Structure formats: C-alpha cells, structure tokens
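I'd like to ask you about the structure that follows.
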Amino acid sequence: MKIKRIIKNVVRDLVRFFLPKSIYIALRFYLTHGYKCNLKKPMSFSEKIIYRKLNTDPHLYSKFVDKFTVRQYVKDTIGDNYLIPLLGQYNSIKESDFDGLPAQFVIKTSNGGGGENVKVIFDKTSCSLNKLCNDFNGYLKVKIGSKIDEPFYDIEPPCVLVEKLIVDENGRVPSDFKIHVFKGDDKEKVLIQVDGDRFGNHKRSLFDEVLQKLDFDIQPKYESIDEDFVFPGNMPEMIALAKKLAQPFRYVRVDMYSVANAVYFGELTFCHGSGWEKLSTKEADCLLGSYWKEYN
C-alpha cells in the first residue's frame, strides 16, 4: 500500500511539474470531483477551497496553521488548559534532546499537515533516534506550502515540536473530531467529522451539530464509524470551543480531542484536504459550499 501511494505521488508531482498550474488544477479537479472547477464564481465547498488557496493573502492564515504559533491564539482565545502539553521545541533536533523526554510522545514539525511529518512514538527505546532526527530535520527543509499551493505553511520559521502523547482508556490514540465551522449571512453551520483509528483501519463519518449521522461523506473510500460509536459527554463543550476559535473566519476546520473528559486542541485547517478530498456527490459538495458565504 505504501509503495502504491509513493508511485501515485510521484506521478502526480511529475504531471504537476510539466503542466501549467491552471491546467493541472483543472485536470486534477475534474478527475477527483467529476465536474469542472469554476473559480470565477466558486459555489461548491471544493471550489472555494481551491479559490482560497490561490487568491487570498497567505499572511492571513500563516500564524494559525503553524502548530507552534497557533498555541498563542488558542491560549488567548479559550485558555492554555486546552493545549496538549508541549515537551520540547527545537530549531533542529539531536539525539541528546530525547534524554529528558518520556518513553511515549508525539513528534511533529510546526509546518505542514498530518502526513509523514507527524509520528507517534509509543516507546523511544524501540526506534532509531538517529533516523528520527534525520527525518524531522529533513522535514524542516521541505516547503510543503509550495508543493500543495498553500503558501501560508511556508511563512513562519519551522521547528520540531514534541508533545505529550494523549491516549484513550484503552491506551490508543483517541478519535479525532474535526469540527467544520461555516459562516453564512446570518447563521453558523457546524459539521462534525469523526476520524477513528487513523493509524490503523481508518474510519470516518460525518454528523450534524446535534450528532445525527449525515447521508454523505468526505472521502467515501473510508469505512463508516462503527454504529455503536458513542460521542464523549463533553461534545457540547468541544463544539462551543471550536466556534470561539472559528469566530474570525468564514470557514475553518477546528480539530479537537476528548480524553478522560478533557478537551484538547489539535489544529486549525483552512483548506480541508487541500481541495482534493472527494465528497459522495456534487450535490453534497454544493450544499457545504452554500453554508460558506465567501468568494461568490
């Protein structure tokens, strides 16, 4: 599966290299979503994401997408008790930096999304610290924003972050609650995306604000969340906090976790899936776009 993904990425990057950006985006959009991308008057969710990437000042979002600088915004807006404890912050990481760290932690770079530049370490004694250092120091040099047309990821000076590993009652990485907050002319709409077992058999389902499952999906390739899935009791608090963090924006995705009845902030994302995550239908794509009153 990993080899297949690598080949797919290489082919994608080659096509991107040889084609003009506008043609590449138009072609990839049609192949992904099954309809032509209208950037003159974007109406669907996916079109508006692409428009935002290409036509807005990246400095508007740079401090919010950087996983280090956003911590100050979270602290000022809802309080630092919702931040996952930070164990270390490094401009460049070396093996001796791990001496004072616990056996378990999460290591990530401050720039970029949740791909290979985020790694969960369950036991540092069983991994190569030298390789970990080489990998993450290498990730610091990658301008991920220029590769995905999201330049706001390349503005803040990148660093390596080590956070406390938070786990559920079964010792597993907790479910990820991605709370999409849309602003209309006079109302706010919330869509909750639940991602479970992200590092194993990844499952995903969408729910409305009252936790009713929706009849469409983002990335329908994933299995649905189990029917017996139980939302944590602090979901109302989580949604309220997400709305506070989303207040300055017409659309943003606020990622949160719930562990032992405590809420933790994950990240802010302004271009979900970079515009390349297919929805079940074009109608569903346009429905979400109608909740987001901007750019048209």
Side-chain angles (χ1 to χ4, degrees), residues 12-13 15-65 113 143-155 178-193 204 206-209 214-222 242-243 245-255 267-296:
R12 179 200 64 202
D13 291 343
V15 173
R16 177 185 168 89
F17 179 79
F18 286 108
L19 289 180
K21 182 189 291 187
S22 60
I23 295 177
Y24 167 79
I25 288 174
L27 176 62
R28 185 175 179 186
F29 192 95
Y30 184 81
L31 292 175
T32 300
H33 298 290
Y35 63 94
K36 292 182 180 179
C37 183
N38 182 355
L39 293 182
K40 292 183 178 180
K41 190 176 182 181
M43 301 296 291
S44 72
F45 179 52
S46 300
E47 286 173 334
K48 290 183 178 184
I49 290 173
I50 300 296
Y51 186 94
R52 174 178 271 182
K53 292 198 309 179
L54 301 178
N55 296 284
T56 55
D57 180 359
H59 292 86
L60 293 174
Y61 306 117
S62 63
K63 291 188 181 298
F64 300 105
V65 300
K143 294 291 187 181
I144 187 64
S146 64
K147 294 179 69 174
I148 61 174
D149 298 316
E150 297 183 45
F152 34 79
Y153 282 112
D154 296 340
I155 294 175
K178 299 180 185 295
I179 304 174
H180 301 254
V181 183
F182 302 86
K183 300 284 180 60
D185 292 330
D186 56 359
K187 60 183 177 181
E188 196 171 51
K189 198 80 173 180
V190 169
L191 181 148
I192 301 163
Q193 174 184 322
R204 176 185 291 179
L206 301 178
F207 300 83
D208 62 19
E209 189 169 353
L214 300 176
D215 61 358
F216 61 88
D217 294 298
I218 298 176
Q219 284 290 51
K221 68 178 184 180
Y222 294 122
K243 287 182 176 181
L245 292 169
Q247 198 280 327
F249 314 107
R250 303 301 295 177
Y251 163 75
V252 68
R253 196 192 80 206
V254 185
D255 292 7
E267 65 179 3
L268 297 179
T269 297
F270 293 88
C271 297
H272 173 82
S274 203
W276 304 127
E277 291 205 350
K278 179 179 175 60
L279 278 81
S280 297
T281 64
K282 181 181 178 181
E283 289 72 24
D285 206 347
C286 290
L287 176 65
L288 297 190
S290 72
Y291 299 153
W292 177 1
K293 295 297 184 182
E294 193 174 24
Y295 311 136
N296 61 345

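Remember, predicted model here, so these are calculated numbers, not experimental data.
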>> Restricting to side chain to side chain donor-acceptor pair (under 3.5 Å), what partner residues turn up for Y295, sequence neighbours left out?
In response: R52

> So, the side chain of E277 versus the backbone of I218: is there a donor-acceptor pair under 3.5 Å, distance only?
Replying inline: no

>> Would you say that K48 contacts L288 through its side chain, given a criterion of any heavy-atom pair below 4.5 Å between the two side chains?
In response: no

>> Looking at every heavy atom in both R253 and H272, which two are closest together, and how far apart are they?
In response: NH1-ND1, 2.8 Å

> Going from CG on L268 to NZ on K63, what distance comes out if it is rounded to the nearest 0.5 angstrom?
Replying inline: 14.0 Å

>> Tell me the closest heavy-atom pair linking D154 and G145, and the distance in Å.
In response: OD1-N, 2.9 Å

> Any donor and acceptor pair, going by atom type alone, linking the side chain of N296 with main-chain N or O of K41 inside 3.5 Å?
Replying inline: no

> So, the side chain of K178 versus the backbone of Q193: is there a donor-acceptor pair under 3.5 Å, distance only?
Replying inline: no

> If you measure from CZ on F207 to CD1 on I179, what distance do you get to the nearest 0.5 Å?
Replying inline: 12.5 Å

>> If you define the side chain from C-beta out and look only at heavy atoms, does anything of F216 sit under 4.5 Å from L287?
In response: yes

>> I'd like to know whether the aromatic ring centres of F64 and F152 sit less than 6.0 Å apart in this structure.
In response: no

> At what distance, to the nearest 0.5 angstrom, does NZ of K278 lie from NZ of K221?
Replying inline: 12.5 Å

>> Distance check, rounded to the nearest 0.5 Å: N55 atom CG versus I50 atom CD1?
In response: 10.5 Å

>> Checking the side chain of K183 only, and the main-chain atoms of Q247 only, is there a donor and an acceptor separated by less than 3.5 Å?
In response: yes

>> Please give me the minimum heavy-atom distance between V181 and A242, naming the atom from each residue.
In response: CG2-O, 4.3 Å

> Which heavy-atom pair separates I192 from D208 by the least distance, and what is that distance?
Replying inline: CD1-O, 3.6 Å

> Can you find a pair of side-chain heavy atoms, one from W292 and one from I49, that are under 4.5 Å apart?
Replying inline: yes

>> With a 3.5 Å distance limit and no angle check, can you tell me whether R204 reaches the backbone of D217 through a side-chain donor-acceptor pair?
In response: no

>> To the closest 0.5 Å, what do you measure between CZ (F18) and CD1 (I23)?
In response: 14.5 Å

> Does the distance from a Lys or Arg side-chain N to an Asp or Glu carboxylate O, for K189 and E209, drop under 4.0 Å?
Replying inline: no

> Of all heavy-atom pairs between K40 and P42, which one has the smallest distance, and what is that distance?
Replying inline: C-CD, 3.7 Å

> Hey, is OH on Y35 packed in by over 12 heavy atoms from elsewhere, all under 6.0 Å?
Replying inline: yes

> At their closest point, which heavy atom of H33 faces which heavy atom of G275, and how far apart are they?
Replying inline: NE2-O, 2.8 Å

> Between K53 and S274, do the side chains contain an N or O donor and an N or O acceptor separated by less than 3.5 Å?
Replying inline: yes

>> If I take atom CG from residue L39 and atom CD1 from residue I25, how far apart are they, to the nearest 0.5 angstrom?
In response: 7.5 Å

> When you look at M43 and N38, which way does the side-chain contact (heavy atoms from CB on, under 4.5 Å) test go after all the steps?
Replying inline: CA-CA 8 Å; M43 301 296 291; N38 182 355; 5.7 Å; no

> Does the D285 side chain pair with the main chain of L279, one donor and one acceptor, at a distance under 3.5 Å?
Replying inline: no

>> Run the ring pair (Phe, Tyr, Trp, His ring centres under 6.0 Å) test on Y153 and Y61 for me, step by step, so that the C-alpha distance in whole Å, both residues' side-chain angles and the decisive distance to 0.1 Å come before the verdict.
In response: CA-CA 8 Å; Y153 282 112; Y61 306 117; over 10 Å; no

> With under 30° as parallel and over 60° as perpendicular, where do the rings of F182 and H180 fit, or are they tilted in between?
Replying inline: parallel

